[in-house]
K.L.:
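Got a structure here, written out as structure tokens. Questions coming.
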Amino acid sequence: MDRERVADVLEEIALLLDLKGESPFKSRAYRSAATTIRALDRDLAELVRTGGLTALPGIGSALAEKITTLVDTGSLPYRDRLRAEVPRAAAIAEFLRIPGLGPRKAQVLAEKLQVGSLGELEYACHENRLLEIPGFGARAQEKILKGIERLRSYRGRLLLGDALPLAEELRAALAAAPVVTSAAIAGAVRRGEETVGEITLVVESEDTQAIVAALSRLPRVRDASPLRDASRITVSLDAGVPLHLAVVRPEGRACALLHRTGGAAHLGALQERARKGGLDLREDGLYRGREQLPCPDEEAVYRALGLPFVAPELREGLGEIEAAEAGTLPDLVEERDLRGILHVHSTWSDGRLSIEEIVDRCSALGYEYVGITDHSQSARYARGLTPESLRQQQMQIGEARRGHPEIRVLMGSEVDILPDGSLDYPEEVLATLDFVVASVHSSFGLKEAEQTGRIVRALRHPRATILGHPTGRLLLAREPYAVNLEEILSTAAREGVCVELNANPHRLDLDTAACRLARSLGARVAIDPDAHDAAGLRDARFGVAVARRAGLTAAHILNASPAGRLDEALARRR
DNA sequence: GCCGTTTTCGGCCCGACTGTTTTCAGTCG
């Protein structure tokens with residue numbers, strides 16, 4: 001069993017223990033172990049073999065034994081026993097995704113209403129049956145109904161952060177099959193959409209049957225039997241989205257990739273353009289009459305249509321063809337343009353890497369600088385730093401600086417924007433920092449005018465450098481708080497504060513449209529991983545995808561500035 | 001269930017908000 005699956009089981013056990021009413025510290029131990037396993041950047045099976053599990057923080061002999069059983073056998077009797085002891089556990093786990101429902105309330109609902117699925121719970125709400133349950137009222141019922149509706153709209157979608165690695169894994173597995181000449185990622189994943197409902201690959205091969213056979217051997221493929229015709233295969237994946245395969249001959253590869261990448265509006269416009277030029281752009285090739293024009297790659301297709309290559313992230317029918325025609329396509333930012341990262345959490349607050357580990361890894365990743373930003377004092381849940389612990393941390397950062405002359409280590413902080421719009425440290429503390437990421441972590445429920453006013457006030461603070469995750473949304477989980485984004489972005493531009501494109505795949509906040517707005521209003525963007533572990537340090541790529549979709553160039557990005565120019569970029573009006 | 005200059009037991013992350021209450025449990029970040 002692989003790392004992710006093991007972590008899922010540990011989390012399931014944590015929930016089952018909560019539902020059984022066992023010590024919350026016990027379930028916390030399982031949750032913490034799940035997080036550790038998920039964030040592992042070594043091979044789990046190898047770690048099990050060498051007996052290194054207990055060296056990991058929070059994993060003792062009992063957890064090591066269970067993890068070993070899971071890796072070796074793929075199952076765990078302890079988990080199965082717990083499942084049998086907790087009725088309706090699967091339904092309760094589903095209910096937990098409804099905002100406002102935790103394990104306690106979810107369990108009460110499942111038991112009192114005798115419901116075993118979201119659909120049944122929804123029906124019970126419509127019958128006003130929640131009103132009879134102590135602790136629930138009309139508002140709770142309404143909120144749950146809204147939550148279920150929202151969950152339904154999330155169903156069958158994956159975060160780009162899950163879909164892209166999955167697509168890469170599937171692509172590599174197919175490319176390694178002897179009957180396959182090449183395999184490429186297409187579809188919404190290639191366009192860098194924030195969430196996707198399918199994974200699409202274009203595979204060059206002469207043998208569709210052999211591909212179906214190869215697919216059926218892949219662990220993530222659930223059902224490889226459906227076969228539509230010789231050139232199209234759709235199978236279901238364990239991740240809950242379909243995998244579409246286009247099987248093509250070499251001469252049809254470029255046009256198939258173009259078609260399967262989309263988007264629909266872009267493709268429609270290209271076909272219209274082809275038609276006007278006496279051509280026919282089809283999925284199997286570009287034709288003049290019955291003659292197929294040679295197009296070895298997508299560049300050649302665009303060239304035949306009189307256009308320069310259009311990056312997949314821009315193919316949304318939002319003016320990119322006109323820009324291509326006029327020669328004004330932007331020189332889109334690339335991951336390698338990022339010279340450093342400025343939003344990283346360490347073990348001083350809720351991160352899992354020490355300062356030394358962060359600096360080591362960022363140096364190995366080739367970054368010129370890294371900004372450490374642990375939480376400020378009001379963020380108690382995240383063990384936010386008091387002024388005194390911040391001072392101690394800065395001494396440790398000083399040591400890391402001396403040990404790593406090759407990378408610049410900045411002392412920052414992710415400072416809470418308090419409900420009144422003030423920052424969570426006094427001026428004399430803020431003055432010791434190289435930069436400040438100011439973020440909202442509380443009072444999400446303010447009315448739009450108040451929330452906007454609160455953030456605007458924080459932006460006017462002369463110590464604010466970057467506005468963290470400006471809308472607070474969590475993709476497929478939590479809607480953004482109510483804010484007037486245009487007012488915030490124009491204030492940021494005016495005040496010289498950068499706005500964050502938080503690259504954590506659960507956030508991607510700002511989103512594509514908001515990044516376009518930021519660009520048009522003149523606000524600079526910081527692509528921040530908001531990393532809490534080793535894997536998180538590599539999340540900037542997802543932010544880069546969003547930035548590219550918004551047409552941003554390196555010049556728009558704060559952390560594309562070289563180290564030597566960073567002070568100037570961070571300085572603002574001080 | 002983990003951990004230890006608190007070391008084999010007794011701690012372990014906590015304050016604000018919400019909706020339901022009439023004194024607070026549950027949820028959230």
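Here is the naming used below: chain letters follow the sequence lines, and residue numbers restart at 1 for every chain. Please read all numbers here as calculations on a predicted model, not as lab measurements.
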K.L.:
Should the ring pair A:Tyr381 and A:His441 be called parallel, tilted or perpendicular, given that the plane angle runs from 0 to 90° and is split at 30 and 60?
P.N.:
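A:Tyr381 vs A:His441 ring planes: perpendicular.
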K.L.:
Report the distance from atom CZ of A:Phe136 to atom P of B:dG26, rounded to the nearest whole Å.
P.N.:
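Interatomic distance, CZ of A:Phe136 to P of B:dG26: 10 Å.
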K.L.:
Working to the nearest 0.5 angstrom, can you tell me the gap between A:Glu428 CD and A:Thr432 OG1?
P.N.:
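Separation between the atoms: 9.5 Å.
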K.L.:
In Watson-Crick or G-U wobble terms, both distances under 3.5 Å, what is the partner of B:dT8?
P.N.:
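No nucleotide pairs with B:dT8.
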K.L.:
Quickly work out the A:Arg352 CZ to B:dC13 P distance and round it to whole Å.
P.N.:
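Spelled out: CZ on A:Arg352 to P on B:dC13 is 12 Å.
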K.L.:
Let me know the distance between CG of A:Asp530 and C1' of B:dG29, rounded to the nearest Å.
P.N.:
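These atoms are roughly 13 Å apart.
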K.L.:
At 4.0 Å (heavy atoms only), tell me whether A:Tyr481 reaches a base, stays on the sugar-phosphate, or touches nothing.
P.N.:
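The answer is nothing, as A:Tyr481 stays clear of every strand by at least 4.0 Å.
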K.L.:
Quick one, which residues of residues 94-105 of chain A touch DNA chain B with a heavy atom under 4.0 Å?
P.N.:
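Within residues 94-105 of chain A, the residues near DNA chain B are A:Pro99, A:Gly100, A:Leu101, A:Gly102, A:Pro103, A:Arg104, A:Lys105.
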K.L.:
Using the rule given for side chain to side chain contact (heavy atoms under 4.5 Å, CB included), can you reason through A:Leu430 versus A:His461, listing the C-alpha separation, both sets of side-chain angles and the distance that settles it, and then say yes or no?
P.N.:
CA-CA 11 Å; A:Leu430 294 173; A:His461 195 295; 3.6 Å; yes
K.L.:
To the nearest Å, how far apart are A:Ile92 CD1 and B:dG26 C1'?
P.N.:
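Atom-to-atom, A:Ile92 to B:dG26, this comes out as 15 Å.
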K.L.:
When rounded to the nearest Å, what value does the distance between P atoms of B:dA16 and B:dT21 take?
P.N.:
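The answer is 24 Å between these two P atoms.
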K.L.:
Atom CG in A:Asp18, atom NZ in A:Lys26: separation rounded to 0.5 Å?
P.N.:
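Rounded to the nearest 0.5 Å, the CG-NZ separation comes to 11.5 Å.
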K.L.:
Of the options B:dG29, B:dC13, B:dG1, whose atoms approach the side-chain atoms of A:Arg383 most closely?
P.N.:
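For the A:Arg383 side chain, the nearest candidate turns out to be B:dC13.
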K.L.:
Quantified in whole Å, what is the P atom distance between nucleotide B:dC12 and nucleotide B:dG19?
P.N.:
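Each nucleotide's P atom is 31 Å from the other's.
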K.L.:
Considering only B:dC12, B:dC17, B:dG1, which nucleotide approaches the side chain of A:Arg28 most closely?
P.N.:
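That would be B:dC12.
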K.L.:
Using atom P of each nucleotide, how far apart are B:dG4 and B:dT22 to the nearest Å?
P.N.:
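The answer is 46 Å between these two P atoms.
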K.L.:
Considering only atom P, compute the distance from B:dG10 to B:dG15 and round it to an integer number of Å.
P.N.:
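Their P atoms lie roughly 24 Å apart.
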K.L.:
Looking at A:Glu132 and A:Lys112, is any side-chain nitrogen of the basic one under 4.0 Å from a carboxylate oxygen of the acidic one?
P.N.:
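Salt bridge flag = no for A:Glu132 with A:Lys112.
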K.L.:
Pick the P atom in B:dT8 and in B:dC3, then give their distance to the nearest Å.
P.N.:
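Between the two P atoms, the distance is 16 Å.
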K.L.:
Would one find a side-chain N or O of A:Lys66 under 4.0 angstrom from OP1 or OP2 of B:dG1?
P.N.:
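For A:Lys66, the contact criterion (side-chain N or O under 4.0 Å from OP1 or OP2 of B:dG1) is met.
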K.L.:
For the C1' atoms, the ones on B:dC9 and on B:dT20, what distance do you get once it is rounded to whole angstrom?
P.N.:
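Comparing C1' positions in B:dC9 and B:dT20 gives a spacing of 39 Å.
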K.L.:
Measure the distance from NZ on A:Lys146 to P on B:dT18 and round it to the nearest whole Å.
P.N.:
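To the nearest whole Å, that distance equals 16 Å.
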K.L.:
Counting heavy atoms from C-beta on, name the nucleotide in B:dC12, B:dG19, B:dG1 closest to the side chain of A:Ala62.
P.N.:
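Between B:dC12, B:dG19, B:dG1, the one nearest the side chain of A:Ala62 would be B:dG1.
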K.L.:
Can you check the distance between B:dG11 and B:dC17, where both ends of the measurement are the P atom (answer in whole Å)?
P.N.:
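The answer is 30 Å between these two P atoms.
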K.L.:
Return the value, rounded to whole Å, for the distance between atom CZ of A:Arg31 and atom P of B:dG1.
P.N.:
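It works out to 14 Å between those atoms.
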K.L.:
With DNA chain B as reference, determine whether A:Phe25 or A:Ser61 sits nearer its 5' end, using the nearest nucleotide of each.
P.N.:
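Between the two, 5'-proximity favours A:Ser61.
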K.L.:
What about A:His469 and A:His506, are their ring centers closer than 6.0 Å?
P.N.:
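No, the ring of A:His469 stays outside the 6.0 Å limit from the ring of A:His506, centre to centre.
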K.L.:
Using whole Å, what does the distance between atom P of nucleotide B:dG15 and atom NE2 of A:His441 come to?
P.N.:
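To the nearest whole Å, that distance equals 18 Å.
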K.L.:
Are A:Tyr30 and B:dG1 close enough that a side-chain N or O sits under 4.0 Å from OP1 or OP2?
P.N.:
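Result: yes.
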K.L.:
Within the structure shown, what part of the strands sits under 4.0 Å from A:Ile59 by heavy-atom distance: base, sugar-phosphate, or nothing?
P.N.:
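The answer is sugar-phosphate, as A:Ile59 gets under 4.0 Å only of primed atoms, P, OP1 or OP2.
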K.L.:
What is the distance from CD of A:Gln451 to P of B:dC17, rounded to the nearest Å?
P.N.:
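Roughly 12 Å, once rounded to whole Å.
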K.L.:
Looking only at heavy atoms, which two atoms of A:Pro529 and A:His343 are closest? And how far apart?
P.N.:
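Here A:Pro529 and A:His343 meet closest at CG-O, 3.9 Å.
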K.L.:
Hey, does A:Ala138 reach any base, or is it just sugar-phosphate, or nothing, if we go heavy atoms under 4.0 Å?
P.N.:
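Sugar-phosphate contact only - A:Ala138 comes under 4.0 Å of backbone atoms but never of a base.
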K.L.:
What's the closest nucleotide to the A:Ser23 side chain, out of B:dG1, B:dG19, B:dG29?
P.N.:
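For A:Ser23, the side-chain atoms sit closest to B:dG1.
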K.L.:
Mind checking A:Ser27 for me? I need base, sugar-phosphate or nothing, with any heavy atom below 4.0 Å counting as a touch.
P.N.:
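No contact at all - A:Ser27 keeps every heavy atom at 4.0 Å or more from the nucleic acid.
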K.L.:
Do A:Leu166 and A:Arg220 touch side chain to side chain, with heavy atoms closer than 4.5 Å?
P.N.:
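Of all side-chain heavy-atom pairs linking A:Arg220 with A:Leu166, at least one is under 4.5 Å.
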K.L.:
What distance separates A:Ser32 OG from A:Ile59 CD1, expressed to the nearest 0.5 Å?
P.N.:
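Here the interatomic distance stands at 7.5 Å.
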